[in-house]
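Input: a single structure, listed below in structure tokens.
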Amino acid sequence: MEKLKKVSAYKLASLLRLQQDPKLALQLFLNPNPPDPSPKPFQHSPKSYDVILTKLGRAKLFDEMETVLHHLKQETHIAPKEIIFCNVITYYARARLPDNALQTFHRIPTFRCRRTVKSFNTMLNALLICKEFEKLKEFFLDLENYACPDACTYNVMINACCLCGDVGYARKMFDEMLIKGIEPNGVTFGTLVNGLCANSMLEEACRLKDDMVRVYRVKPDGFIYVSLIKGLCRVNEVDLALKLKEEMLESKVEMDSAVYSTLISALFKVGRRGEVSSMLEEMKRNGCKPNTITYNAIIFGLCNEKDFDSAFGVLNEMEVSECKPDVISYNVIIGALCREGKLREANDLFEDMPRRRCAPDVVSYRTLLDGLSDGMQFKEAALILDEMLFKGYVPRAVSINNYVAGLLREGETSLLWTVLDSLAGGNCIDIDTWRMVVSMVSDKDKLPKPCEFVDALIMEQNDGS
DNA sequence: CTAGGGTTAG
């Protein structure tokens, strides 16, 4: 029999990379040579640590991630790169766990790793992601004692100020960086322009774009133009937005599909649908491929015009192209069909999604449930409800309320019982729905007495848990 | 992946 070869650290890193399931990857990491009883632990490469931490962090398997970090701490022959911890901090931030992020930040030195302004900035941004603005301010003031702030530090701070709606303070940060001799870069201006647009200060934003060349000698890039174009489109200044697009072409700023996606969606919004196809042509001519976002903008525009034939046309076109529709493409059409009372079509498209290789998500279910319930297709709605509860998708409280109210109004007694039963099983009836059911039921003789009725449901709910 | 942009359903 062939002797089992021991796996090398190098080989293991690539095996880990290939393993899609993060938990299985962890098993492999903890136990690389299953039949090997040797007492000395496997020597992992730094790459393996990187790969496994990334997988676990993305999957939000934080206990497991900490286990691996604990291993890493013991591996005295490895000096981990700072970026590893930056990533861990960001995973915690995305899960809204600022304290875990902070803890990670403080532990960096115990891993034989030198902490620089990079991890400071990452931590600063983590607090921004968590919307912990007070802590962020505190941390920023603290930061100056440890490291030298750089452009990135100020860019995060400017972004934070803008998100809080305090453009004045963002300006102050900008001035402070100039005083300290830190040169603003493209990101600085992009953040500022975006912040000005978001706070409806379009004139100032446009002026800043011109100043950045004239005064600071930084050339505006696509990011900045897209921010401005979006800002102008939001207030229906589509012609000014189109002018900016021309300016991009003239000054040879690299074009990308974001510019065109924004403009196309704006053209629909102001009722200039006729210009969309030539915009698409131009887009392709300039080397920008329309992507899913572009097509979703088109589908949304067409649906708002109730042109479902064209919307389906685009959807089908996407399916045979390399740019596949996503769940949003479907949800947009299903939602629009429901609004128009085309429930049959909405249901058909929903049921066709698996065949089209797109799994319906919680929004698909909620949209269809609302549509069916509003359109008094109570039986179909009950089927969808059961299916979504089975999958662990919970309807919105308003939807439940509306649906139950509809059943009560139309005297759908037996269906009402079934639906309440399902909802109680899914543990998703709020107090308002109960109140409504009880008060409506109490004056109808054909239904069980309210107290018995509620008792029965509560007992059932207790049994379930 | 230390920092900035685009469509959009509930």
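Residue numbers start from 1 in every chain, and the chains themselves are labelled A, B, ... in the order their sequence lines are given, proteins ahead of strands.
Residue A/Thr90 is classed as a sugar-phosphate contact, given heavy-atom separations below 4.0 Å to backbone atoms only. In this structure, A/Gly186 reaches the bases: a heavy-atom distance under 4.0 Å links it to at least one base atom across the strands shown. Within the nucleic acid shown, A/Val332 comes within 4.0 Å of sugar-phosphate atoms alone, with no base atom in reach, counting heavy atoms only. The residue A/Arg396 sits close only to the backbone: its heavy atoms come under 4.0 Å of sugar-phosphate atoms, none of a base. Residue contacts for A/Arg339: at a heavy-atom cut-off of 4.0 Å it reaches the sugar-phosphate backbone alone, with no base atom in range. Across all strands, A/Asp326 comes closer than 4.0 Å to no nucleic acid atom at all (heavy-atom distances).
Residue A/Val156 places its side chain closer to B/dA3 than to any other of B/dG10, B/dG6, B/dA3. When distances run from any side-chain atom of A/Val226 to the nucleotides B/dG5, B/dG4, B/dA3, the shortest one goes to B/dG5. Of the candidates B/dA9, B/dT8, B/dG6, the closest approach to any side-chain atom of A/Asn331 belongs to B/dA9. Closest contact between the side chain of A/Arg366 and the listed nucleotides B/dA9, B/dG5, B/dG10 involves B/dG10. Nearest to the side chain of A/Ser265, among B/dT7, B/dG5, B/dA3, sits B/dT7.
Rounded to a whole Å, the CD1 atom of A/Ile229 is 15 Å from the C1' atom of B/dT7. Between the P atom of B/dG5 and the CD1 atom of A/Ile224 lies a distance of 12 Å, rounded to the nearest Å. Taking atom OH of A/Tyr393 as the reference point, atom P of B/dA9 lies 19 Å away to the nearest angstrom. Nucleotide B/dG10 holds its P atom 13 Å from the CG atom of A/Leu337, rounded to whole Å. Protein atom CG of A/Leu228 is 12 Å distant from nucleotide atom P of B/dG6, rounded to whole Å. Note: OH (A/Tyr216) to P (B/dG4) measures 21 Å, nearest angstrom. In this entry the distance linking CG of A/Leu208 with P of B/dG5 reads 15 Å, nearest Å. As a whole-Å value, the separation of A/Asn185 CG from B/dG5 C1' is 15 Å.
The stretch residues 293-314 of chain A touches DNA chain B through A/Ile293, A/Asn296, A/Phe300, each having a heavy atom under 4.0 angstrom from the strand.
Residues passing the side chain to side chain donor-acceptor pair (under 3.5 Å) test with A/Asp175, sequence neighbours excluded: none. When the side chain to side chain donor-acceptor pair (under 3.5 Å) test is applied to A/Glu75, the partners found at least two apart in sequence or on another chain are A/Tyr49, A/His77.
Side-chain atoms of A/Asp256 and base atoms of B/dG5 include a donor and an acceptor less than 3.5 Å apart. If you check distances only, the side chain of A/Thr367 never reaches the base of B/dG10 with a donor-acceptor pair under 3.5 Å.
Screening A/Thr294, A/Asn286, A/Asn291 against A/Tyr260 for a side-chain hydrogen bond (donor to acceptor under 3.5 Å, both in side chains) leaves a single residue, A/Asn286.
Note on ring orientation: taking the six-membered ring where Trp is involved, the planes of A/Tyr216 and A/Phe189 are tilted (angle from 30° to 60°). Ring planes of A/Tyr365 and A/Phe350: perpendicular class, angle over 60° (limits at 30 and 60°).
Considering only side-chain N and O atoms, A/Asn194 lies under 4.0 angstrom from the phosphate OP1 or OP2 of B/dG5. Residue A/Lys118 has no polar side-chain atom (N or O) positioned under 4.0 Å from OP1 or OP2 of B/dA3. A/Lys230 has a side-chain polar atom (N or O) that falls below the 4.0 Å cut-off from OP1 or OP2 of B/dG6. Phosphate contact (OP1/OP2 of B/dT8, side-chain N/O of A/Lys269, threshold under 4.0 Å): present.
Electrostatic pairing of A/Arg272 and A/Asp239 counts as a salt bridge here, judged by a charged N lying under 4.0 Å from a carboxylate O.
A donor atom on one side chain and an acceptor atom on the other are not found under 3.5 Å apart for A/Ser373 and A/Asp370.
The number of heavy-atom neighbours closer than 6.0 Å to NZ of A/Lys391, taken from other residues, nucleotides and ligands shown, is above 12.
Among all heavy-atom pairs drawn from A/Ala258 and A/Val226, the shortest one is CB-CG2, 4.0 Å.
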